Structure formats: structure tokens, C-alpha cells
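Just so you know, these numbers come straight off a predicted model, no measurement behind them. We're numbering straight along the sequence, starting at 1.
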Amino acid sequence: MDPRSLTPVLRALRLCLHLLMAGLLVLAAVRADSTAGTVLSVAVGAVYATGSYLPSVRSSQRAAAVWLAVLGASWLVLLWVTPEALWLAFPLYFLQLHLLPVRWSLPAVVLTAGAAILSYVGHGAPLNPGVFIGPLLGAAVAVATVLGYEALYRESERRRRLIEELIETRAELAAAERHAGTLAERERLAREIHDTLAQGLSSIQLLLRAAERQLPPDSPAAGHIGRAREAAQDNLAEARRFVRALTPPDLEHGSLAGALERLCEPGGGPGPRVRFSVSGTPVELPTPYEVALLRIAQSALANTVRHAAASRAEITLSFMDASVTLDVVDDGLGFDPASVRPSSDGGFGLPAMRSRAESLGGTFTVEAAPGQGTAVAVSLPLPTGA
């Protein structure tokens with residue numbers, strides 16, 4: 001494990017393991033009956049210290065396995081010389097469980113416990129239950145501690161990743177809400193400018209033109225009225241430029257028909273096959289009309305994908321002498337229009353579409369029945385002065 005990733009608790013545990021190993025080595029060296037035992041205790045300590053400070057041991061399982069093999073071999077030699085070395089088995093358990101994968105560490109722990117028991121018996125100690133219980137109990141405690149900690153660590157990491165994903169999702173939702181709010185405000189401003197300033201300036205221009213026709217040719221007011229009409233015309237053009245600048249991105253680089261056709265393109269995910277068609281001779285529509293028809297088509301198609309389980313859908317844009325009509329039809333599950341209620345997530349679906357159509361003087365109808373698909377139709381009257 002990279003020491004930079006250790007928490008204060010883990011740093012303290014690692015320090016305690018080092019102190020435990022050093023204390024047991026000192027005990028083995030002091031209580032050894034021969035110089036060989038003291039020398040071997042120092043050698044085991046040197047091997048342990050070398051591996052503890054080698055970065056490769058912490059980053060590579062192969063290097064860790066080699067170091068543990070050398071440390072284990074030197075410990076076995078010390079164990080053969082003095083029975084006091086068997087207490088070193090306890091810190092060795094933790095090292096093996098920490099540095100080796102489970103399929104290797106568990107057999108290594110069993111072999112270490114067996115070597116400790118055989119050494120105790122081989123040095124002529126009397127047989128009693130403690131000879132077997134001590135090393136085996138120590139091994140069991142080490143296994144339970146290390147595996148339990150690793151399970152808690154994995155659970156903590158899983159929760160940390162979930163929290164990070166939730167934070168990222170919340171940020172994405174906030175960005176999407178800001179973007180949706182920006183688009184909605186742009187639509188509102190475009191509609192307000194068109195319905196108030198643009199229409200008012202257009203009316204002023206028509207009234208000034210009518211007044212100009214009623215004046216005698218030599219009237220001194222004719223020049224003023226002409227200049228006022230030109231100013232109104234210039235400001236009307238500027239207002240229309242504002243409306244175009246606030247047009248939704250779907251309509252910025254093409255006509256309403258083009259935006260609807262792009263809306264029907266396959267998205268690569270599950271959903272119905274959508275076909276788009278135009279009926280009649282297309283005419284230029286005011287921006288609020290295009291925005292309303294596009295948004296209604298998007299909402300209707302979103303409902304089809306989300307709720308209808310339809311295999312086919314069709315969007316038709318029809319231009320007639322006095323009106324423009326949009327139809328969205330699918331072969332899905334259908335529903336009972338009388339049971340529609342505002343959704344709990346803040347959306348209003350069909351009521352919002354109806355309100356958008358009626359705000360422009362149009363009509364909105366829904367024909368649906370359970371198991372018989374759904375047909376949504378909106379009709380807007382073509383303005384004569386737009």
C-alpha cells in the first residue's frame with residue numbers, strides 16, 4: 001500500500017506492527033541460549049527492516065512474496081535455534097494477510113501456525129492444549145481482523161464512489177435545469193417581444209401609413225409622419241432581429257420542418273420508429289408559432305417514448321389557407337385523457353401543451369383510448385399581419 005494513501009489510523013497500526021516485531025525480536029535475542037540465536041534475531045530484524053522500507057514490496061505482489069519468503073526462511077532458522085521465536089508468528093500472520101492475495105495468504109498463515117506448533121514441540125516442551133490453541137487462536141484473530149478490515153474498506157470505497165456519482169449527477173441535473181431555464185426565458189422574451197413590441201410597432205406603422213394617405217400632398221405634417229413611419233419600421237425590424245436572436249437552438253440553423261425532421265432521427269436507443277411529413281405549401285411562421293409547435297412535438301414524442309411503448313409514430317406538419325396544424329400519432333398503449341393529472345416531478349405534459357397552443361389563439365385536442373394508441377393535434381391560425 002502506498003504510504004501516501006494511509007489514514008492516521010492505518011499509520012498508527014503500521015507503527016504498532018513495527019514496534020511489536022521489534023519487541024519480539026529483542027525478546028528472542030535476550031532469551032536465546034546461544035550467540036547464534038542473538039545473531040539470527042538481528043538478521044531477521046534486518047530482513048524485516050529492509051522489506052519494510054522497500055517501495056517495491058508495497059507496490060508489487062511478486063516483490064512482497066519474495067520478501068515474505070526470505071523473512072519466513074530466516075524466521076524458520078531462528079525458530080530452529082530458539083523456541084522464543086515462535087511469538088514472531090503473530091506479526092507474520094498480519095504481514096502475510098496484508099501483502100498477499102487471499103488464495104496465498106491463508107495457506108501461508110496455516111503453514112506459519114503449524115511451524116510454530118512443531119517448533120514448540122520439537123524443543124521438548126510438554127504437550128498441552130495451549131501449545132495448539134495459542135498459535136491457532138492468534139491465526140484466527142489475525143484472519144478475522146484483516147479480512148474484516150478489508151470488507152469494511154471495500155464497503156467504504158463503494159459508498160465513496162456512490163457519493164461521488166451522486167454529486168456528479170446532482171451537478172449535471174443542476175446544469176440541465178439552468179440550461180432549460182435559460183431556454184424557457186429566451187422563449188418567453190421572444191414571445192413577449194413579438195406579441196407586444198413587434199405587434200405594437202407593426203400596428204403603429206399601419207396607422208401612420210393610413211394617416212399619411214389621408215393628408216394632402218402639401219401638408220407640413222407629411223414629412224414628420226413619414227419619418228415616424230420609417231422609425232417604426234426600423235424598430236420593428238430591430239425587434240424581429242431580437243426575436244430571431246432568442247430563437248431556440250433547434251430553430252437557429254433551419255426551418256421548423258427541418259427541426260421536426262431532425263427530431264425524428266433515430267437516437268440509437270430503444271424507442272419507436274418515427275416518420276415526419278409535410279402537407280401543403282410551407283409558409284414562413286412567426287417565431288412564437290415555430291417555438292410552440294416544436295415544443296409541443298418534443299413533449300408529445302417524449303411522452304410516446306416514455307409511456308406509450310409504441311413501435312411506430314408519425315409527426316405531420318400541415319399548412320392550410322388559414323391555419324397550420326401539427327399532428328403526432330402513435331400506435332402505443334394509449335390512455336384515458338380524462339384521467340390525466342399534473343405529474344409529481346414538476347412537468348405538466350398535456351396541460352402544458354394545451355396552454356401553449358391556446359396562448360397563441362389555437363386549439364389543442366387529444367384522441368386516445370387504452371390499447372388504441374394516441375393522437376395529439378394542435379392547430380394555430382395563421383396571422384395576417386405577422
Donor-acceptor under 3.5 Å ([X] side chain, [Y] main chain):
X: S105; Y: P101; answer: yes
X: R354; Y: F364; answer: yes
X: S359; Y: R356; answer: yes
X: S323; Y: F319; answer: no
X: S156; Y: L152; answer: no
X: Y289; Y: P381; answer: yes

Do [X] and [Y] belong together in a cluster built from hydrophobic side chains that touch within less than 4.5 Å?
X: M21; Y: V77; value: yes
X: V283; Y: L256; value: yes
X: L40; Y: W67; value: yes
X: L333; Y: V328; value: no
X: W104; Y: L76; value: yes

Verdict with supporting geometry, I315 and C264, side chain to side chain contact (heavy atoms under 4.5 Å, CB included): CA-CA 8 Å; I315 299 177; C264 298; 3.7 Å; yes
pair L106-L97: side-chain heavy atoms closer than 4.5 Å: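 Yes - at least one pair of side-chain heavy atoms lies under 4.5 Å apart.
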Audit row: T316, F276, side chain to side chain contact (heavy atoms under 4.5 Å, CB included) steps and yes/no: CA-CA 6 Å; T316 304; F276 172 70; over 6 Å; no
Presence of salt bridge, R160 and E157, under 4.0 angstrom: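 Yes, E157 and R160 are salt-bridged.
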Side-chain ion pair, R161 and E164, N-O less than 4.0 Å: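 No, no charged N to carboxylate O under 4.0 Å.
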Full working for side chain to side chain contact (heavy atoms under 4.5 Å, CB included) between E314 and V274: CA-CA 5 Å; E314 184 170 352; V274 186; over 6 Å; no
What distance separates [X] [atom1] from [Y] [atom2], expressed to the nearest 0.5 Å?
X: D330; Y: N303; atom1: CG; atom2: CG; answer: 9.5 Å
X: L95; Y: F90; atom1: CG; atom2: CZ; answer: 11.5 Å
X: T374; Y: D331; atom1: OG1; atom2: CG; answer: 10.0 Å
X: L88; Y: Y48; atom1: CG; atom2: OH; answer: 10.5 Å

Sequence-distant partners of S279, side chain to side chain donor-acceptor pair (under 3.5 Å), two or more places apart: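 Testing S279 for side chain to side chain donor-acceptor pair (under 3.5 Å), a comparison that skips the adjacent residues, returns none.
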Other ILVMFWY residues reachable from I167 by side-chain steps of under 4.5 Å: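 For the cluster that includes I167, the remaining residues are I163.
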